[in-house]
Amino acid sequence: MRTLIPREELHTRLDQLAAQISDDYSGKKPILICVLKGAVFFMADLARRLDFDLELEFMAVSSYGASTETSGVVRILKDLDTDIEGRHILIVEDIIDSGLTLQYLTKSLWSRNPASIEIVTLLNKPSRRTAELPCKYTGFDIEKEFVVGYGLDHAEKYRNLPFIGVLDQPE
């Protein structure tokens with residue numbers, strides 16, 4: 001495994017994202033929706049840097065299983081516990097690959113009549129995008145590599161690495 005984004009670079013970019021999001025959401029009390037499980041580390045560190053009142057929610061969706069490639073079939077495994085009608089929503093995602101999962105998720109959330117929906121992702125793979133998806137806040141654009149660490153996994157391993165690494169040979 002090789003390090004793609006070291007811990008220090010992650011934290012510097014989190015500070016920058018938090019400053020931008022804090023400016024944009026000042027006085028709005030948004031709901032941050034963490035897409036489980038991968039975005040937990042990112043959302044926890046981001047939320048601690050935001051300087052406004054907020055609420056946290058969690059959704060679990062699946063399109064990968066234990067594979068390194070998206071199946072293209074999206075399922076909601078855990079839905080929200082809160083009514084989002086009239087609320088400002090910030091979806092917190094670990095990585096956008098094809099965009100199909102988030103496209104499905106945003107359509108589902110728009111049907112619940114929120115005031116707004118924006119997306120913040122730690123990692124973005126623009127070369128893999130197959131779905132139209134507006135993402136307002138992006139940590140890092142990366143190439144087509146299989147990455148782990150800082151919440152991202154392969155078969156539930158490597159999530160607790162404090163950096164983003166490239167897994168050369170997924171097991």
Side-chain angles (χ1 to χ4, degrees), residues 1-61 64 78 80-82 84 87-99 101-103 105-106 109-110 114-129 131-154 156-168:
M1 179 181 321
R2 69 179 167 82
T3 299
L4 181 64
I5 305 170
R7 178 194 310 221
E8 300 77 24
E9 196 173 339
L10 282 170
H11 289 286
T12 298
R13 186 64 183 128
L14 273 167
D15 290 340
Q16 295 165 346
L17 285 171
Q20 183 181 3
I21 292 167
S22 290
D23 285 346
D24 292 349
Y25 283 89
S26 179
K28 292 185 179 174
K29 194 179 179 187
I31 300 174
L32 275 61
I33 298 177
C34 177
V35 182
L36 296 171
K37 300 179 186 173
V40 168
F41 291 81
F42 177 44
M43 185 168 90
D45 286 348
L46 179 65
R48 284 190 289 258
R49 287 171 165 84
L50 298 174
D51 62 2
F52 51 76
D53 287 336
L54 56 88
E55 292 179 34
L56 302 179
E57 263 291 349
F58 300 88
M59 288 188 84
V61 295
Y64 282 84
K78 187 232 176 284
L80 301 175
D81 296 325
T82 303
I84 64 169
R87 301 293 306 274
H88 295 284
I89 303 301
L90 182 60
I91 300 171
V92 182
E93 179 65 290
D94 55 356
I95 188 167
I96 301 175
D97 196 331
S98 69
T101 301
L102 270 180
Q103 183 181 56
L105 185 58
T106 55
L109 293 174
W110 274 119
S116 69
I117 297 177
E118 297 294 350
I119 299 168
V120 57
T121 187
L122 179 61
L123 302 173
N124 179 43
K125 289 184 182 179
S127 66
R128 301 267 301 156
R129 189 82 65 253
E132 280 294 316
L133 189 69
C135 181
K136 187 166 184 177
Y137 310 100
T138 299
F140 301 91
D141 285 332
I142 63 172
E143 297 301 318
K144 183 186 171 184
E145 299 178 291
F146 194 80
V147 291
V148 295
Y150 200 66
L152 294 121
D153 76 303
H154 175 60
E156 296 298 327
K157 294 179 357 188
Y158 310 109
R159 286 192 196 277
N160 61 328
L161 295 175
F163 59 88
I164 302 293
V166 175
L167 196 58
D168 298 318

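Being a predicted model, the structure only gives us computed values, none of them experimental.
- For E132, there are no salt bridge (Lys or Arg N to Asp or Glu O under 4.0 Å) partners two or more places apart in sequence or in a different chain.
- Between L90 and Y137 there is a side-chain heavy-atom pair separated by less than 4.5 Å.
- Distance check, rounded to the nearest 0.5 Å: CG of D51 to CG of L54 gives 10.0 Å.
- No donor-acceptor pair closer than 3.5 Å links the side chain of R129 to the backbone N or O of N124.
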Go through the steps to decide whether I142 and I164 satisfy the test side-chain contact (heavy atoms from CB on, under 4.5 Å), and finish with yes or no.
CA-CA 11 Å; I142 63 172; I164 302 293; 5.9 Å; no
List the steps, then state whether side-chain contact (heavy atoms from CB on, under 4.5 Å) holds for E118 with D24.
CA-CA 11 Å; E118 297 294 350; D24 292 349; over 6 Å; no
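- C34 places none of its side-chain heavy atoms less than 4.5 Å from the side chain of L32.
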Assess the residue pair L105 and I33 against the criterion (side-chain contact (heavy atoms from CB on, under 4.5 Å)); give the C-alpha distance rounded to whole Å, side-chain angles, the decisive distance to 0.1 Å, and a yes or no.
CA-CA 11 Å; L105 185 58; I33 298 177; 5.6 Å; no
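- Side chains of L80 and L109 form a contact here, defined as non-hydrogen atoms less than 4.5 Å apart.
- Partners of A115 under the side chain to side chain contact (heavy atoms under 4.5 Å, CB included) rule, at least two apart in sequence or in another chain, are H88.
- One distance of note links CG of L46 with OG of S22; it measures 8.0 Å at 0.5 Å rounding.
- Put simply, CD on Q20 and NZ on K136 are 7.5 Å apart, with the number rounded to the nearest 0.5 Å.
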Let's go through D153 and R159 carefully: what are the C-alpha distance in whole Å and the side-chain angles of both, what is the deciding distance for salt bridge (charged side-chain N to carboxylate O under 4.0 Å, His left out) to 0.1 Å, and is it a yes or a no?
CA-CA 5 Å; D153 76 303; R159 286 192 196 277; 3.2 Å; yes
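- Checking side-chain atoms of T3 against main-chain N and O of I5 turns up no donor-acceptor pair under 3.5 Å.
- Residue K125 qualifies as enclosed at atom NZ: its count of foreign heavy atoms under 6.0 Å is above 12.
- The closest side-chain heavy-atom distance from L152 to L123 is below 4.5 Å.
- Applying the side chain to side chain donor-acceptor pair (under 3.5 Å) test to E55 and every residue at least two apart in sequence or in another chain returns R87.
- Formation of a donor-acceptor pair under 3.5 Å by the E57 side chain with backbone atoms of D81 is found in this model.
- No side-chain heavy atom of D94 sits less than 4.5 Å from a side-chain heavy atom of Y150.
- Residue E143 places its CD atom among 12 or fewer non-hydrogen atoms of other residues, nucleotides or ligands, all under 6.0 Å distant.
- Among all heavy-atom pairs drawn from L56 and A47, the shortest one is CD2-CB, 4.3 Å.
- Put simply, CG on L167 and CD on E145 are 11.0 Å apart, with the number rounded to the nearest 0.5 Å.
- Note that CD1 of I84 and CD1 of I117 are 5.5 Å apart. Values are rounded to the nearest 0.5 Å.
- Using a 4.5 Å heavy-atom threshold, the side chains of I119 and I96 count as touching.
- K28 has its side chain out of reach of F52: every pair of non-hydrogen atoms, C-beta onward, lies at least 4.5 Å apart.
- With sequence neighbours left out, E8 forms a side chain to side chain contact (heavy atoms under 4.5 Å, CB included) with P6.
- Taken from OH in Y158 to CE in M1, the straight-line distance is 5.0 Å, to the nearest 0.5 Å.
- Looking at residues two or more places apart in sequence or on another chain, you find a side chain to side chain contact (heavy atoms under 4.5 Å, CB included) between P162 and R7.
- Considering L17, L10, I95 as possible partners of F42, the one that fulfils the side chain to side chain contact (heavy atoms under 4.5 Å, CB included) test is L17.
- A search for side chain to side chain contact (heavy atoms under 4.5 Å, CB included) contacts involving R49 returns H11, L14, D15, A18, D45, not counting sequence neighbours.
- Across all non-hydrogen atoms, the minimal contact from I21 to V120 is CD1-CG2, 4.0 Å.
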